[in-house]
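Heads up, the thing below is written out as structure tokens.
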Amino acid sequence: MRSIRIFGSPGLRSVSRDVDPAADASLLGELLPEMDRLLTEEEGIGLAAPQAGENIRVFILETSMLPSLCGHRVFVNPKLEAYGPPSRREEGCLSVPGIYEPVTRPSLLRISALDPSGIRFELELDGMAARAAQHENDHLDGILFVDRLGALRRKLLRSKLQKLAGG
Ligand code: NI
């Protein structure tokens with residue numbers, strides 16, 4: 001059984017590799033149900049593969065909370081194009097428990113990705129779905145939402161983050 005990597009884990013800071021849907025089929029077959037289980041147990045809105053211990057370019061989003069996803073739950077090798085006026089809203093992360101901070105991101109998103117069987121789909125997102133997809137995609141590049149805060153907020157959070165990292 002997999003568990004969620006917490007802030008301080010080096011795997012959260014790696015750039016993840018692309019998935020080969022054929023060669024990685026057995027890995028995805030094991031990983032995706034585990035990611036589903038973790039996301040449901042933790043009542044999160046999204047989870048990226050690096051958080052579940054696998055540095056590959058996959059994330060999942062909770063479709064019941066995000067109807068604009070049209071049922072697309074799994075995003076493999078996603079390509080994002082964020083645009084539009086910035087919006088600011090509180091975010092949290094299952095890998096950074098207990099910390100919730102407003103993050104500024106572009107409000108609109110074009111996303112192209114593969115589904116688990118390797119079929120490409122595209123979506124135009126706004127609101128919470130656009131934000132959640134950008135947050136999860138950041139994980140694939142080793143970026144956490146706390147990296148996107150201003151210098152002062154980061155400074156104020158430093159001791160909390162050090163505690164999470166066990167230092
Ligand atoms: Ni996160």
Side-chain angles (χ1 to χ4, degrees), residues 1-19 27-28 31-69 72-82 86-109 111 113 116 123 125-151 153-154 156-167:
M1 298 243 288
R2 290 173 180 265
S3 55
I4 292 180
R5 282 175 172 160
I6 300 298
F7 186 90
S9 164
L12 290 175
R13 292 311 199 173
S14 306
V15 175
S16 291
R17 69 165 174 87
D18 277 330
V19 173
L27 173 60
L28 289 178
L31 175 66
L32 290 173
E34 279 293 277
M35 288 176 67
D36 275 338
R37 178 182 65 77
L38 291 167
L39 186 62
T40 303
E41 277 179 12
E42 302 296 329
E43 299 180 338
I45 195 163
L47 187 73
Q51 295 179 276
E54 208 62 52
N55 282 101
I56 59 173
R57 301 190 80 82
V58 177
F59 63 73
I60 62 173
L61 294 173
E62 185 48 70
T63 49
S64 63
M65 289 157 90
L66 302 168
S68 60
L69 297 179
H72 286 291
R73 180 175 176 86
V74 181
F75 296 75
V76 176
N77 297 343
K79 297 279 183 268
L80 275 60
E81 189 187 336
S87 83
R88 189 169 169 77
R89 196 158 169 180
E90 194 170 81
E91 293 186 19
C93 179
L94 297 176
S95 293
V96 193
I99 294 178
Y100 301 89
E101 292 287 335
V103 179
T104 303
R105 298 184 187 272
S107 51
L108 303 171
L109 186 68
I111 183 166
L123 293 170
L125 301 175
D126 62 6
M128 185 75 89
R131 176 173 296 278
Q134 289 176 74
H135 174 119
E136 298 313 329
N137 193 67
D138 273 353
H139 279 296
L140 308 185
D141 293 321
I143 297 166
L144 300 173
F145 82 100
V146 290
D147 304 337
R148 297 201 176 277
L149 305 177
R153 292 306 306 168
R154 279 209 307 275
L156 291 170
L157 287 171
R158 195 160 54 196
S159 68
K160 270 192 185 178
L161 290 171
Q162 277 172 352
K163 268 191 200 128
L164 281 180

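Counting convention: from 1, in listed order, for ligands and their atoms alike. In this chain, numbering begins with 1 at the start of the sequence shown.
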[X], [atom1]: over 12 other non-hydrogen atoms inside 6.0 angstrom:
X      : atom1 : value
Arg154 : CZ    : yes
Asp126 : CG    : no
Arg158 : CZ    : no

In short, Asn137 meets Pro78 closest at the heavy-atom pair OD1-CG, 3.5 Å

All heavy atoms of Leu140 vs all of Arg57, minimum pair found to be O-NH1, 3.1 Å

* To do: Using a strict cut-off of less than 4.0 Å between a Lys/Arg side-chain nitrogen and an Asp/Glu carboxylate oxygen, indicate whether Glu54 and Arg2 qualify as a salt bridge.
  => yes

Counting only protein N, O or S atoms and ignoring waters, those under 2.8 Å from the Ni ion (ligand 1) are Cys93 SG, His135 NE2, His139 NE2

